[in-house]
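The analysis underlying the following values was restricted to heavy atoms, covering all of them including side chains, and did not include hydrogens, waters or symmetry mates. Only a predicted model underlies this, so the values are computations on that prediction, with no experimental measurement involved. We count residues from 1, following the sequence as given.
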Amino acid sequence: MNAVIYIHGKGGSAAESEHYKSLFPDCEVIGLDYQTFTPWETGKEILIAVEELKSKYENVILIANSIGAFFSMNAGIDDMIQKAYFISPIVDMEKLITNMMQWANVTEQELESEGVIHSDFGEDLSWEYLSYVRSYLITWHAPTQILYGSNDLLTSLETISDFANKHQATLTVMEGGEHWFHTEDQMLFLDRWIKKLI
């Protein structure tokens with residue numbers, strides 16, 4: 001028997017894994033309720049969870065949403081994953097952080113000096129986080145399928161395409177899709193995407 005582990009995005013929860021149980025009826029589907037929110041901490045949580053699943057199941061399949069994909073790629077699990085499905089993944093965190101710094105009108109010097117700056121749009125900008133992202137080179141070799149919405153405001157098509165090309169991942173674009181797949185049409189597209197690939 002195979003296991004599916006679901007890693008949610010920001011503001012999501014492990015309960016979202018329930019949606020995927022009908023899509024993987026022959027697998028044990030588990031959502032990880034991680035308790036940390038930095039790549040170096042959450043990556044460790046994901047690694048421990050995947051190692052445990054790998055000891056019990058023949059294969060482990062990963063479904064990761066948004067920043068959950070970024071955390072997963074920081075976990076050092078790609079050699080334990082049979083296949084990965086990334087939904088609206090954050091694949092260039094440095095670019096996203098520097099974009100948010102521009103939105104908040106924060107310079108690198110200010111961020112380094114302050115350490116953490118709270119933005120008007122609700123995101124905390126962290127010099128430690130940015131420094132980690134710049135120093136940690138992501139290596140990801142697991143066979144990966146990516147679902148991306150053309151109206152994703154966090155990641156450009158150029159950025160996601162570049163990642164897909166560099167990592168031999170297959171990219172599917174939903175025209176009109178958003179970063180957060182949640183409408184009836186978007187979830188129908190997502191379900192059909194997975195069913196076609198299983």
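The closest side-chain donor-acceptor pair between T155 and H179, if any, does not fall under 3.5 angstrom. Checking N74 against Y132 by side-chain atom types alone, a donor-acceptor pair falls below 3.5 Å. Side chains of T36 and T42: a donor on one and an acceptor on the other come within 3.5 Å. H8 and N65 share no donor-acceptor pair across their side chains, judged by distance under 3.5 Å alone. Between the side chains of S66 and K10, no donor-acceptor pair of N or O atoms lies under 3.5 Å. There is no side-chain donor-acceptor pair under 3.5 Å between Q35 and E45.
The main-chain N or O of S17 is never found under 3.5 Å from a side-chain atom of H19 such that the two would form a donor-acceptor pair. Of the possible polar contacts, one joining the S55 side chain to the E52 backbone as a donor-acceptor pair under 3.5 Å is found. In this structure a side-chain-to-backbone donor-acceptor pair under 3.5 Å is missing from N2 to V60. When atom types are taken as modelled, the side chain of S113 and the backbone of L111 share no donor-acceptor pair closer than 3.5 angstrom. The backbone N or O of H141 sits less than 3.5 Å from a side-chain atom of D78, completing a donor-acceptor pair. The main-chain N or O of G68 is found under 3.5 Å from a side-chain atom of S72 such that the two form a donor-acceptor pair. At least one donor-acceptor pair closer than 3.5 Å links the side chain of Q186 to the backbone N or O of T183.
Annotation: ring pair (Phe, Tyr, Trp, His ring centres under 6.0 Å) contacts of F163 (sequence neighbours excluded): H167.
Ion pairing between D162 and K166 holds under the 4.0 Å rule for side-chain N and carboxylate O. Using a cut-off of 4.0 Å between Lys/Arg side-chain N and Asp/Glu carboxylate O, K44 and E41 are scored as not salt-bridged.
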Steps toward salt bridge (Lys or Arg N to Asp or Glu O under 4.0 Å) verdict (E16, K21): CA-CA 10 Å; E16 294 169 14; K21 289 186 175 179; over 6 Å; no
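Under the 4.5 Å side-chain criterion, counting only non-hydrogen atoms from C-beta, I90 is in contact with L154. I61 is not listed as a side-chain neighbour of I5, based on a closest heavy-atom distance of 4.5 Å or more. Between V173 and E175 there is a side-chain heavy-atom pair separated by less than 4.5 Å. At least one side-chain heavy atom of I87 sits under 4.5 Å from a side-chain heavy atom of F181.
Taken together through direct or relayed side-chain contacts under 4.5 Å among Ile, Leu, Val, Met, Phe, Trp and Tyr, L125 and L153 form parts of separate hydrophobic clusters. Note on I81: it clusters hydrophobically with I67, by side-chain heavy-atom contacts below 4.5 Å among ILVMFWY residues.
Taking the ring centroids of F71 and W40, they lie at or beyond the 6.0 Å cut-off.
The side chain to side chain contact (heavy atoms under 4.5 Å, CB included) test with M101 is passed by exactly one of L130, T107, L96: L130.
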